[in-house]
Amino acid sequence: MTTLENQRPDSLKALEERLQLDLLWLNLPPKTWMPALTSNGQTVLDVAVIGAGLCGLVTLAALKKLGIENACAFDRASEGREGPWVTFARMETLRTRKEAAGPALGIPSLTFRAWFEAQYDAQAYLDMGLIPRTMWMDYLVWYRRVLSLSVVNDTALQTMQRRDDGLISLSLRNGETVKDVLARRVVLATGLDGLGAPTMPEVAGRVPSHFIRHGADLIDRAEFKDKRVSVVGAGASAMDNAAAALEAGAARVDIFIRRADIPRIDKFTGVGSQGMTQGYVGLPDADKWTYMVAGERAQIPPPRHSVLRVSKHPNAFFHLASPIKDLADNGNSVSVVTPKGRHETDFVIFATGFSVDFSRRPEFAMLADTIQLWRDAYTPPLGWEHGGMGSMPYLGPSFEFLAKPGVEAEAARAVSNIFCFAYPAVPSHGKITSGIPSISDGAARLSTGIARSLFVEDRAYHLDRFTNFETPELFGDEWSDADQLQEINRANG
């Protein structure tokens, strides 16, 4: 066994001890520096985070790393079920390469690899292809525990309102109990559906809803046993849903793809680098628009292993150049109508993504008519119009929302104290909130911006502490005044 192997923690307990040592060596977390704030006896959070999935947890960890500990995340899911990993995600493994450091924030003993090797050894890690999906959730549960992150589960945001004193009031529901929480800053770490909801085309509404599913719905796989299932889409989610139906015993699965071919090239992977991660946010709007719209038009291909997971089943059928023209209710089944014909089915799953839609998220009503969207900030050249891109929020350099021109000053200040650390941030900041690889870079950018804004807001407090700081470093007995000593010696002859 090599010296390096001898140094590897050989149990989770040993890894956790090593993590505490790493944090000690890095002087983390640093001392807190924020003034404690109350309002009518109620404690005010420095930062409230909505969502405790990957983005929410790494936000809390990054804030803690900067000495902002009066922060808490609220998630509508029960503990251990935050995010998509053990709910609506249906892939067998993550799509991200296993070497990605993820939410570790530059701390080696906080990585998935360290967590895995401590339990299963280094060779098992080398032998593993991709990270099993449910194991990733186990890692996030551990991450939350070892960093002592403050999370309140089973709690959903009902409303968000600005107050005259500059604070943001959050109405949060836990079962039948509703309580108000006050915060100075709010981070929306709300995942893929971020500021909206799953998207389905108009045609989905032409048949009764019990025939229709969205790829992000919670689905009892037993429903698909011996049934005919149709999946609409060609992305990774479409393949995951098709595979899950097949593995659940579906009689047949038809995948309807509007293009004449399945996308094969991931352009963003081709240009992925720290240059893109750190530099994209500084690009002119025209360049950002070009990247996003061209990428959307090219589309991201599903992973090869996801397609093979479907195609290995003889009862899986791929229909290319087959956009859905109509759905017809047959009573006990549905006819899927494409330019190539009609197909009878029992369920239709639309793997058609998400959109920003404030009408479906009443808890964000405060933002609906106030924040800038891309269509407010940029007019694309002819031929480059894109409604989905135009509906995305146009964010500032630290993920903060920006007010539309003409919004009164207090309302504008309030929205700039709310941050979007979720999928809708991608057009403004690049693919830094859409997956695991760059999430620590995004969290560092977010937390640094929040820390800066809070310090500037509290500048009178900090200047007062500076002005009135009177603790001496020296007491006057550490040296002698040579001239004075010479005078004394001269006087004493």
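Looking at Tyr139 and Ile131, their side chains never come closer than 4.5 Å, going by heavy atoms from C-beta outward. Two residues are said to be in side-chain contact when any heavy atoms from C-beta on lie closer than 4.5 Å; Ile300 and Lys431 meet this criterion. Under the 4.5 Å side-chain criterion, counting only non-hydrogen atoms from C-beta, Leu37 is in contact with Leu167. Inter-residue side-chain proximity for Leu54 and Pro103 is flagged as met; some heavy-atom pair is nearer than 4.5 Å. Counting heavy atoms from C-beta on, the side chains of Val187 and Ile450 come closer than 4.5 Å. The side-chain heavy atoms of Met34 and Leu454, taken from C-beta on, include a pair separated by under 4.5 Å. Counting heavy atoms from C-beta outward, Leu147 and Leu110 have side chains that approach closer than 4.5 Å.
Partners of Glu92 according to the salt bridge (charged side-chain N to carboxylate O under 4.0 Å, His left out) rule, which considers only residues two or more places apart in sequence or in another chain, are Arg309. Every residue two or more places apart in sequence or in another chain was checked for a side-chain hydrogen bond (donor to acceptor under 3.5 Å, both in side chains) with Ser440, and none qualifies. Not counting sequence neighbours, the partners of Asp165 by the side-chain hydrogen bond (donor to acceptor under 3.5 Å, both in side chains) test are Arg163.
Using modelled atom types, no side-chain atom of Asp154 and backbone atom of Gly175 make a donor-acceptor pair closer than 3.5 Å. Proximity of a side-chain donor or acceptor of Glu296 to a complementary backbone N or O of Ala294 within less than 3.5 Å is not detected. A donor-acceptor pair under 3.5 Å links the side-chain atoms of Glu400 to the main chain of Ser398, judged by distance alone.
The minimum heavy-atom distance between Ile349 and His214, with the atom names listed, is CG2-C, 4.1 Å. Arg206 and Glu202 get closest at one heavy-atom pair: NH2-OE1, 2.6 Å.
Ionic pairing of Glu410 and Arg413 is present here: one or more N-O contacts between side-chain nitrogen and carboxylate oxygen are shorter than 4.0 angstrom. The existence of a salt bridge linking Asp22 and Arg18 is confirmed by a sub-4.0 Å separation between a basic side-chain nitrogen and an acidic carboxylate oxygen.
Pairs engaging residues 182-200 under the side chain to side chain donor-acceptor pair (under 3.5 Å) rule: Arg184-Glu457, Arg184-Asp458, Arg185-Asn417, Arg185-Ser453, Arg185-Glu457, Thr199-Ser355 [sequence neighbours left out]. Sorted by first and then second residue, the side chain to side chain donor-acceptor pair (under 3.5 Å) pairs with a member in residues 24-33 form an empty list; sequence neighbours excluded. Listed by first and then second residue, the side chain to side chain donor-acceptor pair (under 3.5 Å) pairs involving residues 234-245 are Arg90-Asn241, Arg95-Asp240, Ser237-Asn241 (not counting sequence neighbours).
Using the six-membered ring where Trp is involved, Trp136 and Phe112 have ring planes that are tilted, between 30° and 60° apart. Aromatic ring orientation, Tyr120 versus Trp115: perpendicular (interplanar angle above 60°, classes split at 30° and 60°). Relative ring orientation between Phe88 and Phe354 is described as tilted, the plane-to-plane angle lying within the 30° to 60° band. The aromatic rings of Phe421 and Phe399 stand perpendicular to each other, their planes meeting at an angle above 60°, with 30° marking the opposite boundary.
At most 12 heavy atoms of other shown residues, nucleotides or ligands fall within 6.0 angstrom of atom CG in Asp369. Other residues, nucleotides and ligands contribute over 12 non-hydrogen atoms within 6.0 Å of the CZ atom of Arg173. For Tyr423, the OH atom counts as loosely surrounded, since its 6.0 Å shell holds 12 or fewer non-hydrogen atoms of other residues, nucleotides or ligands.
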Going through the distances and angles, do Lys404 and Gln372 end up as a side-chain contact (heavy atoms from CB on, under 4.5 Å)? CA-CA 5 Å; Lys404 290 180 180 180; Gln372 281 195 67; 4.2 Å; yes
From CA spacing to verdict: side-chain contact (heavy atoms from CB on, under 4.5 Å), Met128, Arg113: CA-CA 11 Å; Met128 179 176 60; Arg113 181 171 187 169; over 6 Å; no
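For the residue pair Ser78 and Asn153, no side-chain donor N or O sits within less than 3.5 Å of a side-chain acceptor on the partner.
To the nearest 0.5 Å, the span separating NZ on Lys64 from OG on Ser447 amounts to 14.0 Å. To the nearest 0.5 Å, atoms CG (Leu63) and OG1 (Thr448) are separated by 9.5 Å. Distance check: Ile50 CD1 to Leu157 CG gives 5.0 Å after rounding to the nearest 0.5 Å.
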